[in-house]
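One-based numbering along the sequence shown. In each ligand, atom 1 is the first atom listed, and ligand 1 is the first ligand listed. Keep in mind that this is a model prediction, so the values were computed, not measured.
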Amino acid sequence: MNRNKEIKMKQPKIVVLTGAGISAESGIRTFRAADGLWENHKVDDVATPEGFLRNPTLVQNFYNERRRKLFDPAVKPNAAHLALAELERAAGDNFLLVTQNVDNLHERAGSKNLIHMHGDLLTVRCEWSGKTYHWERDVTEQDRCDCCSPPHRLRPHIVWFGEMPLEMDRIYAALSECDYFIAIGTSGNVYPAAGFVQEANRFGAQTIELNLEPSLTRSQFSRQRYGKATEIVPIFVNELLAELS
Ligand code: NAD
Ligand code: APR
């Protein structure tokens, strides 16, 4: 019997949370490393609604620059993104990938059941109605929505500090019934994502941290493995698939 059929027989429910670390080896900077995003930008200037009100051009340019980066031929899914897409194919409907990242590398790797809880760089939204638009080019001062009269400004569909992350009901529902919760490439700095492991533990899941170094929530995981995502994630996925077969 092939691996996929055997996994479906056991029906393990798997929730994976990823952070900026899974994309680091694809050339996308994380936040809190030495060359991290917050080294060159004040969070309050580019990552809060107040910052957008104060200086919309600075904020639009911060995201325009990062959206452009996604079209750099050197930026592509790495072995960790691809391993998660393989795990999803084997686990079928019992798999949910929640990412804090706003890049499109999980989609490009083939992940389907995916929630961008902090939004994504390739979506913008009408500041007034919230209508979203797929958007690949820079947002300029002239760009406006097509849903209001008079039309309103378009803003990045990114969750800034002080705003609510997306699809939290769906995430908590999945955490309340998962057998495995796996966190990859996240420092455990920011809630509510950093609290997901506690939720999974509450419901008796096996919790695993895969990271470059111990995160702030390291002690709440039942298992930990440290190293580069492109090395440790494919190995872990193969071990899990063997464990479940
Ligand atoms: P942010 O949410 O990353 O703000 C970061 C920091 O702001 C937090 O770590 C915290 O220390 C501080 N902060 C400020 N006000 C806070 C508050 N009220 N409560 C808690 N912490 C507060 O900013 P952002 O807009 O999310 O950043 C840009 C986006 O870029 C994020 O959504 C992030 O997911 C994304 N990103 C993606 C990638 C990737 O796609 N691979 C890599 C890095 C960052
Ligand atoms: N392989 C595995 N892990 C890595 C790698 C790598 N190659 N490179 C870095 N890491 C780890 C770091 O050790 C760190 O723990 O990834 C984590 C990145 O942490 P952050 O930069 O804090 O990014 P993240 O955890 O995604 O931040 C969470 O905070 O800034 C806000 O909203 C923003 O979504 C972001 C949230």
Part of Leu212 with heavy atoms under 4.0 Å of ligand 2, whether side chain, backbone, both or neither | both
N/O donor-acceptor pair under 3.5 Å between Asp179 side chain and Ile14 backbone = no
Show which atoms of ligand 2 fall inside a sub-4.0 Å distance from at least one heavy-atom site of Gly185.
-> 3 (N), 16 (O), 17 (C), 18 (C)
side-chain contact (heavy atoms from CB on, under 4.5 Å), paired with Leu105, selected from Leu70, Leu82, Asn78, Val75 | Val75
Arg202/Glu199 salt bridge by N-O under 4.0 Å criterion | yes
Would you tell me which option among Ser26, Ala229, Gly188, Ala193 has the nearest heavy-atom contact to atom 1 (N) of ligand 2?
-> Ala229
Report the member of Lys228, Glu25, Arg218 with the shortest heavy-atom distance to atom 7 (N) of ligand 2.
-> Glu25
Say whether Gly227 and ligand 2 are in contact under the criterion: heavy-atom distance to a ligand atom below 4.0 Å.
-> yes
Under 3.5 Å side-chain donor-acceptor pair for Thr123 and His134 = no
The one among Gly19, Ser215, Gly119, Ala24 that brings a heavy atom closest to atom 8 (N) of ligand 2 | Ala24
Which is it for Ala20 and ligand 2 at heavy atoms under 4.0 Å: side chain, backbone, both or neither?
-> both
May I ask you to check whether Phe161 has an N/O atom sitting below 3.5 Å from an N/O atom of ligand 2?
-> no
Is the count of non-hydrogen atoms from other residues, nucleotides or ligands lying under 6.0 Å from Asp146 atom CG greater than 12?
-> yes
Taking side chain to side chain contact (heavy atoms under 4.5 Å, CB included) as the test, write out the residues that go with Asn113, two or more places apart.
-> Glu88, Leu96, Arg170
Nearest to atom 25 (O) of ligand 2 by heavy atom, Asn101, Val190, Ile184, Thr186: which?
-> Thr186
Listed partners of Arg144 passing salt bridge (charged side-chain N to carboxylate O under 4.0 Å, His left out), at least two apart | none
